Protein chains: 2
Amino acid sequence: MERVTIYQVAEAAGVSVATVSRALNGGPVAPETRERVLAAVRRLGYRPDRLAQGLATGKSRTVGVVIPDATGPLYGRMQRGLADALAAAGFGYIATESRRDPGREEALLDEMLSRKVEALVLVGSGLAPEALKARFGRLPPVVLIEREGGEAGVPTFQIDNEGAAYRATRHLVEAGHRRIAHIRGLRRAGREREAGYRRALAEAGLAPGPVVDGDFTEAGGYRATRALLATGGFTAVFVANDRMALGVYRAAFERGLRIPGDLSVVGFDDLAFAAYLTPPLTTLKQPAHRLGFLAGEAVLALLGGRKPTGRVLPCGLKVRASVKHVEGGAV
Amino acid sequence: MERVTIYQVAEAAGVSVATVSRALNGGPVAPETRERVLAAVRRLGYRPDRLAQGLATGKSRTVGVVIPDATGPLYGRMQRGLADALAAAGFGYIATESRRDPGREEALLDEMLSRKVEALVLVGSGLAPEALKARFGRLPPVVLIEREGGEAGVPTFQIDNEGAAYRATRHLVEAGHRRIAHIRGLRRAGREREAGYRRALAEAGLAPGPVVDGDFTEAGGYRATRALLATGGFTAVFVANDRMALGVYRAAFERGLRIPGDLSVVGFDDLAFAAYLTPPLTTLKQPAHRLGFLAGEAVLALLGGRKPTGRVLPCGLKVRASVKHVEGGAV
DNA sequence: CATAGCTATGTAACCGCTTACAACCGCAAG
DNA sequence: CTTGCGGTTGTAAGCGGTTACATAGCTATG
């Protein structure tokens with residue numbers, strides 16, 4: 001009982017392999033014949049060989065996905081969104097982590113192209129489009145999520161980092177804060193968030209508070225906060241992500257500062273833990289699943305010959321208890 | 001400039017396709033010829049077609065991985081370990097989420113078999129081995145990680161849930177606690193952790209404290225704690241995972257209870273946030289990457305015809321500040 | 001010097017499936 | 001009774017590799 005091939009099904013059903021193939025793929029086949037074929041398929045437990053199909057048709061019904069890091073919940077949700085969109089169309093996907101290493105990313109792409117993926121979804125890719133062209137020549141359709149660097153003529157999906165940061169900062173301003181610090185994040189997302197922060201402040205006629213660098217980790221947020229606290233002069237801080245915000249909580253506690261009593265905090269991402277911190281963290285919720293889903297739909301559109309366009313999605317502000325309303329104004 | 005095939009390389013190098021194939025796969029080829037072939041490969045940008053290779057050889061150099069949930073950091077790390085082990089041997093993998101739905105899991109397996117995966121790594125699979133056999137007949141080699149349910153003759157890798165829970169509970173006992181509650185987790189991991197908890201207590205001659213069900217989420221931990229607090233009578237709680245422990249923190253705070261002053265807590269997993277909570281959470285660190293790596297090595301061994309055996313890995317206790325040393329003993 | 005034995009290479013079959021093309025059928029129309 | 005046509009089905013040629021087998025040079029041997 002080795003692998004069952006289409007030949008065996010053909011023989012069992014008393015037809016030719018062409019007819020079996022047609023019966024299975026919706027070709028013109030007499031209903032009665034189709035029934036016989038399907039019965040044989042079931043009886044024998046036939047399962048078409050995707051590799052052979054791919055070879056014959058030139059299409060693999062697979063899309064390649066590259067994500068920077070599989071350990072974060074956000075990318076996991078994105079991936080799930082993608083899978084949901086693709087599954088509906090009978091597409092599978094192979095996903096791998098670039099770990100933010102461009103060399104590794106190129107190798108992964110090579111591997112995926114070898115597997116004849118019909119499209120590529122690059123999440124937070126570190127590769128410039130021109131570099132891609134140069135290295136790979138003709139590429140299958142590409143969809144970008146949260147790409148770093150320059151523009152390209154390909155659909156790109158991303159969250160509105162700038163707008164969300166603006167909103168978060170404004171939330172702080174409206175609560176009466178006048179000196180608002182910022183713990184900055186890395187990469188494009190970090191820069192965009194910083195820009196939103198600055199815009200909100202400028203619009204309110206406030207000087208940007210102290211700004212320090214973070215690295216998107218708890219430890220980074222902790223260190224950044226200690227640096228910030230060394231100089232002081234602010235009553236609130238907008239932190240570029242929740243993980244760093246947790247570092248802020250910790251550092252503030254160690255300094256005997258109360259949140260939000262002495263320091264108001266707004267994070268970014270709305271990770272699962274945010275709502276359960278003490279105090280619950282006000283933050284921005286990323287529509288990660290949606291991002292992935294839309295990217296998946298775009299892939300399908302591209303494959304269908306259409307010309308989908310990218311989107312910038314807003315993030316919802318989740319107001320919780322880490323921001324204090326300041327009555328008097330500036331401290 | 002369409003796809004470059006082995007024929008074009010052969011022509012460019014002035015040899016036959018067989019020679020190209022051999023040159024590329026380490027067959028017997030004169031060094032000088034090999035050079036010519038490789039030069040042609042580079043010049044043309046030839047990239048072998050994995051599908052065709054797979055068809056011809058019957059092997060896809062791919063392993064299929066099924067994980068329950070891609071959004072958790074633990075599975076992400078496991079996956080990374082696996083990838084690391086497999087990459088060294090030139091194997092790729094395709095990973096998908098079962099989302100703990102056995103029906104979905106079966107469909108995924110079907111899909112993977114269609115793609116001729118050479119081995120399967122099932123993480124936290126809900127499918128019994130017998131069910132697998134019944135449904136799929138001959139299966140490629142299988143390696144299990146954290147499997148649910150019965151035994152099988154396949155290498156299985158898992159963490160020592162029972163032992164780790166025992167150690168955690170003992171840590172509490174040694175700190176002088178006499179009434180230790182437990183917030184239980186779901187599935188096999190949850191049951192095993194509960195068993196370790198009970199063993200430690202029995203060994204110390206203590207009655208198991210109140211035990212309530214949780215669901216491994218922050219909300220579940222929160223609810224469980226409120227249920228626990230309604231009756232009271234304990235000074236410490238061993239929580240089946242960190243996410244629920246966070247719920248415990250929250251519920252305790254709302255009740256005005258201090259950790260560890262009024263309530264000591266030990267978690268499980270050592271997620272990134274654990275060290276930054278206030279107080280930092282004492283918990284058990286899962287060797288997730290290692291688990292994946294070992295599973296990957298086992299796959300390779302299986303494929304190499306060897307007969308690898310599974311492993312049960314210990315978890316390290318990370319002692320932080322959420323457990324109070326009780327001087328007097330029972331409260 | 002004929003022959004066995006290597007080594008390096010080419011020829012062609014095959015992997016499992018799709019699909020262009022041809023063949024066949026029955027039937028309505030001319 | 002031809003002819004044409006739409007609907008079904010079969011034949012066979014790929015898809016891009018790998019590999020068993022045959023072949024051709026060379027060298028070592030008796």
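Keep in mind that what you see is a predicted model, and the values were worked out from it rather than measured. We name chains A, B, ... by the order of the sequence lines, and we start the count at 1 in each one.
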B/L44 CG - D/dG16 P separation (whole Å): 14 Å

Angle by which the axis turns from one end of the helix from C/dC1-D/dG30 to C/dG30-D/dC1 to the other, five pairs per end, to 10 degrees: 60°

Options C/dA12, D/dG14, D/dG10, nucleotide nearest the side-chain atoms of A/T19: D/dG10

Donor-acceptor contact below 3.5 Å, side chain B/R311 vs main chain B/F157: no

Ionic contact status for A/E111 with B/R50, cut-off 4.0 Å: yes

Interatomic distance where CD belongs to B/E11 and P belongs to D/dG16 [whole Å]: 15 Å

Atom-pair distance (NZ on B/K116; P on C/dC15), nearest Å: 11 Å

Min side-chain heavy-atom separation B/V29-B/V37 under 4.5 Å: no

Side chain of A/V17 (C-beta onward), nearest among D/dA12, D/dG17, D/dT19: D/dA12

Side chain proximity check, A/D69 to A/E97, heavy atoms < 4.5 angstrom: yes

Closest to the A/S16 side chain, choosing from D/dG17, D/dG10, D/dG16: D/dG10

A/R80 side chain vs A/G292 backbone, donor-acceptor pair below 3.5 Å: no

Rounded distance (Å) that lies between atom P of C/dC15 and atom NZ of B/K59: 16 Å

Quiz item: A/R50 side-chain donor-acceptor pair to C/dG16 base, under 3.5 Å: no

Length of the CD1-C1' vector between A/I6 and C/dG16, whole Å: 8 Å

Sugar-phosphate only, base, or nothing, as touched by A/T5 at under 4.0 Å among non-hydrogen atoms: sugar-phosphate

Close residues, residues 23-38 of chain B, relative to DNA chain D [heavy-atom separation under 4.0 Å]: B/N25

Min side-chain heavy-atom separation B/L313-B/L294 under 4.5 Å: yes

Minimum-distance nucleotide (side-chain atoms of A/A56 versus C/dA12, D/dC15, C/dT19): D/dC15

Any A/Q53 side-chain N or O less than 4.0 Å from OP1/OP2 of C/dG16: no

C/dG10 base / B/R22 side chain donor-acceptor hit below 3.5 Å: yes

Side-chain N,O (A/Y7) to OP1/OP2 (C/dC14) below 4.0 Å: no

Touch class at under 4.0 angstrom, heavy-atom based, for B/V15 against every strand present: sugar-phosphate

Whole angstrom value for the distance that separates C1' of C/dG16 from CG of B/L51: 12 Å

B/R188 and B/Q158: side chain donor to acceptor below 3.5 Å: yes

Atom-to-atom span, CG of B/D49 to C1' of D/dG16 - whole angstrom: 6 Å

Per A/A52 side chain, nearest of listed nucleotides C/dC17, C/dT9, D/dG17: C/dC17

Side chain B/S60, main chain B/K116, donor-acceptor under 3.5 Å: yes

Main-chain N/O of A/Q286 paired to A/R77 side chain as donor or acceptor, under 3.5 Å: yes

A/R147 side chain vs A/L127 backbone, donor-acceptor pair below 3.5 Å: yes

